Every structure is written in structure tokens, then in C-alpha cells.
Amino acid sequence: MQKITIALLCLISCSALALIDTRFPESPTYMSKASMIRFQYMSHEGAQCTAGVNTKLISRVPYYVYAPANGATQIKTGKYAAVIFLHGMGEQGSSVLNMCYNRDDAYYASISTNLIKVENQAGGPGAAIVNGQFIPQENMVVIIPQSMQRGGFSADVIRRVISDTTVQLAAKGIELDADRIYLTGLSMGGGSVFNYIAANPTHFSAAVAIEAAGGIDPCLVRSNNVSLWGFAGGASGNMGAGNLRTIINGNSSCPEATIEYINPAYTCRYNNKSCTLLSALRPNNLRATFMPNNGHSGWREVYNGTHSALPTTEKNIYNWMLSQKNSDQGKPLFPLDYDTASSSSTASSTALSSTPSSVPTSSSGSSIASSSITSSSIESSIASSASSSVSSSIVSSASSSTTDGGTPAPILLSPAMILPGATGNVSALVDEQNSTAPTTYWFAGWSAAIYPVEAIIDLGREYTLTEITLYDANGTGLVEFSDGDLSHSQAVIVSDSLTRYLKFTSYPINLTTRYLRVKKFNAANMNEVKLMGY
């Protein structure tokens with residue numbers, strides 16, 4: 001397998017270098033307790049801005065890079081594994097949708113002042129570095145971006161900062177090991193970890209999610225051999241412990257679907273009870289550690305290796321990361337170059353997301369979703385393969401779930417049918433079609449400002465829908481259903497205020513469409529959507 005060398009990295013196009021804002025000072029700072037030098041950069045999400053041509057940047061992303069050092073002014077050159085850390089909502093920066101002109105020094109100083117929040121305040125690897133508690137068995141590079149918008153980190157931000165870091169460090173004599181790139185995050189950042197893995201399961205060698213705000217399909221984790229270590233507090237409800245139990249337990253369609261388990265490397269605890277010892281243990285690349293004495297907390301102690309729930313023989317989560325390599329798992333090397341990452345992401349997610357042969361559009365180009373999906377975003381997300389036919393998975397499921405003669409029958413839904421662009425773990429809407437009590441739910445984020453959020457389900461062909469069934473998770477909130485085809489009426493066909501706690505509710509409808517829109521308002525937890533039609 002071809003390795004990426006420093007020489008090759010130095011040949012990356014000048015446009016990649018230009019994506020670092022040179023007006024944002026690098027400000028090298030020696031972290032004496034960890035023997036690392038911290039740099040700060042500002043990367044651009046999306047295309048660079050050109051004065052007189054573009055009026056706005058999509059977004060600017062400030063971030064820290066911590067590199068091994070021999071002293072206060074000397075980088076330790078060589079090839080190193082890297083970990084990227086995604087912080088929680090409390091460490092977000094101010095939104096930076098900048099006009100394309102030079103800002104004064106005070107502007108960049110304010111960005112630097114906000115950026116410091118992702119270090120000690122966040123309680124992640126940055127805090128461990130500051131306090132001399134970042135002690136992996138070998139040197140690592142640490143990358144910590146700051147989210148500049150509500151809802152977490154996009155895949156573009158994650159790949160962009162790794163790519164730009166690769167270029168910047170190559171010029172200093174450091175090469176990132178594409179065989180060992182790791183992703184970790186807490187709370188909102190943990191949800192972003194799951195979102196990224198769901199779309200790109202072969203990219204990272206391993207991931208650690210702590211109190212993740214969201215979940216991930218347990219079958220996807222197993223079928224793609226994702227090395228995942230999850231942590232959750234016993235008192236945090238569905239957001240942490242509930243989601244982690246779902247990932248570990250799986251369901252009837254997942255391999256080794258069981259109730260609870262113990263891994264020989266550590267004691268797994270949930271609600272102060274030891275997990276059931278099974279005859280067939282989970283693979284050692286899938287781990288869960290429950291922290292029964294914590295609520296929505298505990299990450300600082302996990303990242304610095306002092307948490308009592310960590311296995312006594314393995315207090316350092318970074319050593320577990322370093323033991324995981326893509327080459328050992330039969331995965332391709334991490335795509336360090338951003339352009340490669342973009343194309344690789346599309347290729348690697350082909351089996352997970354469908355490519356519709358056509359997309360709902362309108363002559364006016366109006367929004368499909370007011371907050372999270374637009375007609376342009378849907379078009380751009382599938383532009384590279386818009387001429388492709390409907391994926392075989394959708395066609396087969398559609399044909400197997402209908403009957404001839406216009407007789408209604410269940411339409412089997414799957415995550416592959418959800419168009420790209422929706423916020424959060426939207427696949428949870430359709431991942432438990434046969435469950436009598438679904439456990440995963442669509443979580444888009446904690447901030448009320450991002451709601452309502454929407455998702456479009458592509459059924460693969462036009463149906464006449466006769467019934468919508470939904471599962472109410474928490475007895476409060478509001479959800480709406482409407483036609484997702486912009487050439488049709490956009491009137492709401494079903495509105496439910498979710499007053500039936502932990503129950504299914506069915507609504508008779510008469511709608512002919514290929515696209516179904518689901519709109520979710522704040523505090524609305526709906527676990528599953530099921531459809532009937534012909």
C-alpha cells in the first residue's frame with residue numbers, strides 16, 4: 001500500500017497552502033509540561049474567497065495543532081500518528097461568515113481569544129497537554145478545531161483541518177502517519193464523530209466518543225469493522241448511556257446481537273451492575289465503558305487517564321488508539337490530502353447512501369428545508385453521480401415491500417434512502433423498521449436556534465402512500481410530514497405534537513410522491529418512521 005511521503009506532501013498545490021489565512025498569526029507556544037509546541041491556524045471550509053468575484057467565505061475555522069518538540073523553539077521532526085479532537089457546545093466560537101476583505105488586528109485577536117476555549121476549558125486532550133497528563137506511549141500530533149457554527153463539525157471541517165495541518169507540518173519536517181489517524185469528541189463533538197463515521201466508516205483507524213450527542217447504526221459499526229470505544233455516564237439518559245447501549249447491543253439483524261457484554265480488557269458497568277458475561281465476546285475493537293457515577297461529564301478524567309471507570313490495565317486511551325491501524329483492519333490509508341479526501345469520501349460512502357436518479361427541484365430554486373437542507377445542497381451532494389440509476393439496495397427493498405394491484409403494503413425504509421444534508425444522526429429515523437420498541441432517535445443538536453430541522457426520504461420511485469406511522473419517544477414536541485417534491489404542494493399532511501409517550505401512532509393519508517419530508521421541531525424526539533403504500 002502506497003505511503004504518503006513528506007516530499008509528496010510538499011508538492012501539494014499552492015491553492016491548499018492558500019487556504020490557511022496568513023493574517024492569523026501562527027503564534028508558536030511551548031507547552032512545557034508535555035514537551036509540545038502549539039500552533040494556531042485559520043482554515044477555510046469550502047472555496048477560497050476572491051475579492052470582486054465572491055462576496056463571502058463559507059466559513060473560517062480556527063484550530064490548534066500540538067506537535068512534539070525538543071525544546072521551546074525546536075520541533076521534533078519525524079513521522080507521527082495524529083488525533084483530532086472535537087469539543088462540546090460550550091466551547092463554540094462566534095459565527096464567522098466573513099465578507100471578502102481584510103480585517104484589522106483586533107478582529108484576529110478576538111478569534112484567538114475565543115480559540116483558547118478549546119484547550120483547558122474543553123477538558124479534552126488539550127487540557128491533558130496543559131496539565132502534563134498527555135502521556136501516550138509514543139509521540140503524537142494533536143489537532144483541535146473550533147466549531148464556528150451551531151450543530152457541531154461538518155465532515156468538510158474535519159478533513160480540511162487535517163489536510164491543512166499535513167501541509168503546514170510537512171514544511172516543518174513532520175509527516176502525519178496516514179495509517180494512524182484517530183478521531184475523538186465529547187458531547188456535541190461526540191455526535192459529530194458518529195456523523196462522520198456513518199458517512200466515512202473506513203477513514204479513521206479508531207474513534208473515541210464520550211457522552212455523544214447522538215448515535216450510530218450498530219450494524220454499520222460491525223459491518224465496517226469500525227474500531228470504536230464509547231464512554232457514557234450512567235445518569236445521562238438517552239443522550240449518553242442509551243445510545244451507547246444501542247451501539248453495543250445491536251439488534252436482530254446485526255452479528256452477535258445480545259443484551260450486554262464484558263470485554264476481557266476491562267469491566268463494563270451499567271447502572272452499578274456488571275454487564276452480563278457472554279459466551280461469545282465482542283471483538284476487541286468495539287468497546288463500551290459506562291461511568292455510573294457521572295451524568296453528562298467525566299470526559300476530562302477519561303482524556304487525562306484518571307477516571308476510575310477506565311480499566312486498571314489500560315488507563316491511557318491514546319495507547320489503545322495507537323494499537324489500531326488501518327492496514328491491520330484492511331482499510332485504505334487516511335486521505336490526508338483534502339482533494340483526495342473529498343473524492344474518497346464520496347467513494348467510501350457509496351454503499352451507505354443512495355444516489356437518486358433524479359432530485360426534487362423547483363423552477364424557482366427555493367429551499368427544500370428552511371434550516372438544514374436546500375435544493376442546492378441536495379443537488380451538490382449528488383452532483384458527481386446524478387445521472388446514476390437508483391441504487392440496487394433501494395430498488396430491491398422497494399420491490400420487495402409492495403404488492404401488485406394497488407394493495408397497500410409496508411415500504412421498507414433504510415438509512416440509504418435519506419438524502420444527504422440533514423443535520424444530526426437522521427438515519428435513526430429509519431434504522432429499526434422491524435422493532436416493536438425503537439431505541440434510537442434523530443438528534444440534531446441542543447441549540448434551539450437550529451430548529452426546525454428537516455430530512456428528505458427518497459423512496460426510490462413514486463408511491464401512493466396510504467399510511468404514516470411514527471414512534472413517540474418522549475411525549476413532547478412537534479413533528480410534521482409533507483411532500484418533499486418541490487413540484488407538488490408543500491402542505492403539511494401529518495402534524496403530531498407527540499403526546500403518546502413510547503407508543504406508535506398511525507395516520508391514514510393519500511399522497512403520491514417519491515420524496516417525503518420530515519420536519520422536527522425542538523424537543524421532539526421521534527424514534528422511527530414507517531410507511532404503507534403501493
Side-chain angles (χ1 to χ4, degrees), residues 83-92 117-118 121-128 142-147 149-155 157-158 161 181-201 203-218 220-221 226-248 270 286-291 294-304 307 309-310 317-318 320-321 423-428 439-447 450 525:
V83 56
I84 180 169
F85 165 68
L86 309 180
H87 62 73
M89 191 172 72
E91 291 73 54
Q92 286 182 327
K117 294 193 297 183
V118 307
Q121 176 179 318
V142 178
I143 306 169
I144 306 181
Q146 184 173 42
S147 173
Q149 58 185 2
R150 299 293 183 183
F153 299 83
S154 70
V157 164
I158 295 170
V161 297
I181 307 291
Y182 309 103
L183 183 63
T184 183
L186 62 88
S187 190
M188 178 189 76
S192 296
V193 168
F194 285 155
N195 289 341
Y196 188 97
I197 292 174
N200 309 277
H203 278 187
F204 286 97
S205 300
V208 174
I210 305 176
E211 275 296 289
I216 190 170
D217 182 352
L220 180 146
V221 172
V226 174
S227 292
L228 173 65
W229 192 347
F231 291 82
S236 62
N238 283 337
M239 193 184 80
N243 285 333
L244 185 55
R245 287 193 72 187
T246 298
I247 294 167
I248 297 302
Y270 181 72
L286 180 57
R287 296 181 163 192
T289 296
F290 294 96
M291 305 176 290
N294 288 105
H296 191 53
S297 63
W299 44 75
R300 183 178 293 268
E301 293 76 18
V302 171
Y303 283 115
N304 67 25
H307 203 295
L310 286 165
I317 63 171
Y318 310 104
W320 175 80
M321 292 180 187
T423 302
N425 60 324
V426 67
S427 63
T439 58
T440 62
Y441 64 90
W442 177 18
F443 180 80
W446 293 109
S447 173
I450 67 173
N525 286 340

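Remember, it's a predicted structure, so these values are computed and weren't measured experimentally.
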Practice item. Taking all heavy atoms of G152 and all of S147, pick out the closest pair and write down the distance. Key: O-OG, 3.2 Å
Study note, to complete from the structure: The reported gap from CE in M321 to OH in Y182 (rounded to nearest 0.5 angstrom) is 8.5 Å
Check your understanding: How far does CG of L310 sit from CH2 of W229, to the nearest 0.5 angstrom?
Key -> 6.0 Å
**Study point:** Minimal non-hydrogen separation, P145 against V161, with atom names
**Key:** CB-CG1, 4.2 Å
Practice item. List for me each residue that meets side chain to side chain donor-acceptor pair (under 3.5 Å) alongside Y303, sequence neighbours excluded, and say none if there are none. Key: T184
**Study point:** Any donor-acceptor N/O pair, E211 side chain to G233 backbone, under 3.5 Å
**Key:** yes
Point to revise | side-chain contact (heavy atoms from CB on, under 4.5 Å) evaluation trace for H307 with V302 | key: CA-CA 5 Å; H307 203 295; V302 171; 4.2 Å; yes
Check your understanding: Would you say the side chain of L228 lies within less than 4.5 Å of the side chain of F194, judging by non-hydrogen atoms?
Key -> yes
Exercise for review: Please name the pair of heavy atoms, one in M291 and one in F231, separated by the smallest distance, quoted to 0.1 Å.
Suggested key: CE-CB, 4.1 Å
Review point. Which pair of heavy atoms, one from P201 and one from V226, lies closest together, and at what distance?
Key: O-CG2, 3.8 Å
Exercise for review: Look at the rings of H296 and W299 and say which category their plane angle falls in: under 30° parallel, 30 to 60° tilted, over 60° perpendicular.
Suggested key: perpendicular
**Study point:** Sub-6.0 Å ring centroid separation between Y196 and H203
**Key:** yes
Review point. What residues, two or more places apart in sequence or in another chain, satisfy side-chain contact (heavy atoms from CB on, under 4.5 Å) together with S227?
Key: A206, N285, W320, Q324, Q329
Check your understanding: N425: what forms a side-chain contact (heavy atoms from CB on, under 4.5 Å) with it, not counting sequence neighbours?
Key -> N195, A428, W442, F443
Check your understanding: Does some side-chain heavy atom of L86 sit less than 4.5 Å from a side-chain heavy atom of L183?
Key -> yes
Practice item. Could you grab the distance from atom NE2 of H87 to atom NZ of K117, nearest 0.5 Å is fine? Key: 8.0 Å
Review point. How about I197 and I216: do any of their side-chain heavy atoms sit closer than 4.5 Å?
Key: yes
Practice item. For P125 and V142, work out which heavy atoms get closest and say how close. Key: CB-CG1, 4.1 Å
Review point. Does the side-chain contact (heavy atoms from CB on, under 4.5 Å) test come out yes or no for I84 and I144, once each step is laid out?
Key: CA-CA 6 Å; I84 180 169; I144 306 181; over 6 Å; no
Exercise for review: Could you tell me whether a side-chain N or O of Q146 sits under 3.5 Å from a main-chain N or O of V118, the two making a donor and an acceptor?
Suggested key: no
**Study point:** Under 3.5 Å donor-acceptor, S187 side chain and A212 backbone
**Key:** no
**Study point:** Within-4.5 Å side-chain heavy-atom neighbours: M188 and Q92
**Key:** yes
